Amino acid sequence: MARETEDLAQFRAELRSWMEENCPQEMRDGGNTEGNICWGGKNWKFQSEAQKTWLERCVTKGYTVPTWPVAYGGAGLNRDQEKIFHEELKRINGRLPLQSFGIWMLGPALLHFGTEEQKLHYLPPIARGEIRWCQGYSEPGAGSDLASVQTKGEDKGDHWVINGQKVWTSYADKADWIFALVRTDRDAPKHKGISFILIDMETEGVSTRPIRLISGASPFCETFFDDAVVPKEQVVGEINRGWDVAKYLLTHERTMISGGGQGLGGGRSLGAVLSEEEHGLEDPVLRSDAMRAEVDALAISLTLERYKDMAEAGQGTGNASAMLKYMGTELNKQRHELIMAAGGSDALEWDDGRAPNWLRTKANSIEGGTSEVMLGIISKRVLGLPG
Ligand SMILES: Cc1cc2nc3c(=O)[nH]c(=O)nc-3n(C[C@H](O)[C@H](O)[C@H](O)COP(=O)(O)OP(=O)(O)OC[C@H]3O[C@@H](n4cnc5c(N)ncnc54)[C@H](O)[C@@H]3O)c2cc1C
């Protein structure tokens, strides 16, 4: 590893002592699992005092969104400092203080396409964990073929009147605002008549209905818009050019879902997870599969870092996110198959956590665009093969 410059070494030392002093012990369990995430928002109930304290302390330093500019609630860290931030957090096995669709998806899109006024208005409440966002892309007739969205916005001068239905809106019943794709020109070719609109979930005419899964949980909703009145200044980017914003946001969503091949394992190595099983690493076939998955996970996380560096240097292509998403999610499914195989019938106990996590990974290769669709993008846009 190259030697750190003096400035970076000093930054690391200061960050290390700040984390030592400020990260509560309870938050040092590396528990970045689906059940332990702090999502924030008006309806959020903290799972513990420690979770609240850790969030508040990180907010004061801008560490919930370390690379965002200070003016929008971030810490203004550059790429090198960001890497150090994550290395130091991992060193103490610390949890991320806040995770949200606002941080992963809307924030990057607003930083790129938003007006200064929009950035100052919407980004700081995301950084402070005050407003929780959900994603209104999919509709009953528009999933992989997303540009077919039919939710429509009628132009009424200074506002839109929105009617239609979204589906699979994760956590819509818990979110405060939604970013939605709305057809605002019905005569234009389908990619050219869509606007990217921000909508307060408390707007009259916006309602949600949870979709109950076989597990009993309801992580998704149907979301309905019935004559919802939305001011024009809530459009991000140009009217009817929302497809550009939507695609840009998807590259961030896909990179996030790829999870660097570590997925729901809380960042722990597969070897460490399996060695906790009584006979975890004894079976030579399982051991060799686990080693292969571990090496692949390392390769993906290094590839992810490389793409982030390339993106910062202006050399990245958004289409690389399809590759990362495909590799990361397929590997995450494999990782959980191995955890289940090592755990045997004990792992099927629902309350134990392994079975729900294993089943959840099956959705990784659907959400944010399916593996088949990712392979299509890789073939056409990365490899340049004929359609
Ligand atoms: C856990 C989870 C969370 C989600 N959260 C949200 C959310 O918050 N907001 C939101 O808007 N949506 C959300 N979604 C929806 C998700 O984006 C869609 O499910 C996804 O884009 C696929 O669309 P679809 O379900 O309509 O399937 P379809 O598009 O109908 O696909 C059905 C099958 O056909 C295949 N297929 C389709 N087109 C092609 C093609 N061109 N080439 C090859 N194969 C193809 C697909 O791979 C798939 O196997 C979520 C989904 C999941 C599973």
Side-chain angles (χ1 to χ4, degrees), residues 104-105 108-109 112-113 135-151 166-168 179-196 236-238 240-261 263 292-293 295-335 361-387:
W104 295 324
M105 304 183 209
H112 197 80
F113 291 95
Q135 178 184 35
Y137 274 29
S138 307
E139 295 183 2
S144 301
D145 183 16
L146 185 59
S148 291
V149 287
Q150 292 301 323
T151 294
K166 299 289 172 183
V167 74
W168 311 124
F179 47 91
L181 298 184
V182 178
R183 185 155 302 285
T184 42
D185 183 347
R186 293 170 79 77
D187 301 324
K190 64 180 184 179
H191 292 86
K192 301 210 167 125
I194 296 170
S195 297
F196 187 102
V236 180
E238 283 175 46
N240 295 327
R241 296 292 301 271
W243 188 245
D244 297 341
V245 186
K247 275 193 309 182
Y248 182 83
L249 183 144
L250 277 172
T251 64
H252 284 269
E253 177 178 6
R254 288 173 182 161
T255 306
M256 179 280 296
I257 295 173
S258 83
R292 197 170 302 119
V295 171
D296 286 347
L298 185 61
I300 293 175
S301 64
L302 291 174
T303 307
L304 179 62
E305 291 302 321
R306 184 158 60 85
Y307 275 107
K308 282 189 188 166
D309 286 340
M310 285 169 67
E312 181 159 281
Q315 298 164 355
T317 78
N319 294 321
S321 63
M323 227 163 63
L324 291 166
K325 202 235 165 206
Y326 174 73
M327 293 190 301
T329 56
E330 291 299 329
L331 186 62
N332 197 35
K333 288 200 293 189
Q334 197 187 336
R335 174 185 165 93
T361 63
K362 305 293 177 199
N364 290 164
S365 47
I366 302 173
E367 59 196 320
T370 66
S371 278
E372 291 76 20
V373 169
M374 293 307 103
L375 288 173
I377 296 174
I378 295 164
S379 313
K380 275 191 238 161
R381 310 260 159 74
V382 181
L383 300 175
L385 298 174

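Hydrogens, waters and symmetry mates are skipped; everything else that's a heavy atom, side chains included, is used. The structure displayed is predicted, hence computed values, not measured ones.
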Could you check W243 against L146 for side-chain contact (heavy atoms from CB on, under 4.5 Å), going step by step and ending with a plain yes or no? CA-CA 10 Å; W243 188 245; L146 185 59; 3.9 Å; yes
So do [Y] and [X] actually touch side chain to side chain, heavy atoms under 4.5 Å?
X: D185; Y: K192; result: no
X: F196; Y: D244; result: no
X: L249; Y: H112; result: no
X: Q334; Y: R292; result: no
X: Q135; Y: F179; result: yes
X: T255; Y: Y307; result: no
X: D309; Y: Q315; result: no

Table please: side-chain donor-acceptor pairs of residues 375-387 below 3.5 Å, with sequence neighbours left out.
from: S379; atom 1: OG; to: L375; atom 2: O; distance (Å): 2.6

Which value, rounded to the nearest 0.5 Å, describes the distance between [X] atom [atom1] and [Y] atom [atom2]?
X: I257; Y: H252; atom1: CD1; atom2: NE2; value: 13.0 Å
X: L298; Y: L302; atom1: CG; atom2: CG; value: 4.5 Å
X: L250; Y: M256; atom1: CG; atom2: CE; value: 10.5 Å

Pairs of donor and acceptor atoms involving the side chains of residues 320-331, under 3.5 Å and at least two apart or interchain, shall be tabulated with distances.
from: S321; atom 1: OG; to: G318; atom 2: O; distance (Å): 2.6
from: K325; atom 1: NZ; to: N364; atom 2: O; distance (Å): 2.9
from: K325; atom 1: NZ; to: E367; atom 2: O; distance (Å): 2.7
from: K325; atom 1: NZ; to: G369; atom 2: O; distance (Å): 2.6
from: T329; atom 1: OG1; to: K325; atom 2: O; distance (Å): 2.7
from: T329; atom 1: OG1; to: Y326; atom 2: O; distance (Å): 3.4
from: E330; atom 1: OE2; to: S371; atom 2: OG; distance (Å): 2.6

Listed by chain and number, what are the side-chain contact (heavy atoms from CB on, under 4.5 Å) partners of K190, not counting sequence neighbours?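 Partners of K190 by the side-chain contact (heavy atoms from CB on, under 4.5 Å) criterion, ordered by chain and then number, come out as D145, A147, S148, R183.
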Can you give me the closest heavy-atom contact between [X] and [Y], atom names plus distance?
X: M374; Y: G368; value: CE-O, 4.0 Å
X: T151; Y: L181; value: CB-O, 4.3 Å
X: V236; Y: F113; value: CG1-CB, 3.9 Å

Would you say NZ of K362 has more than 12 non-hydrogen atoms from neighbouring residues, nucleotides or ligands within 6.0 angstrom? yes
When you look at CH2 of W168, are more than 12 heavy atoms from neighbouring residues, nucleotides or ligands closer to it than 6.0 Å? no
Donor-acceptor pair, distance only, cut-off 3.5 Å: does the side chain of S195 make one with the backbone of N240? yes
For L304 and K308: C-alpha separation, side-chain torsions, deciding distance, then whether side-chain contact (heavy atoms from CB on, under 4.5 Å) applies. CA-CA 6 Å; L304 179 62; K308 282 189 188 166; 4.3 Å; yes
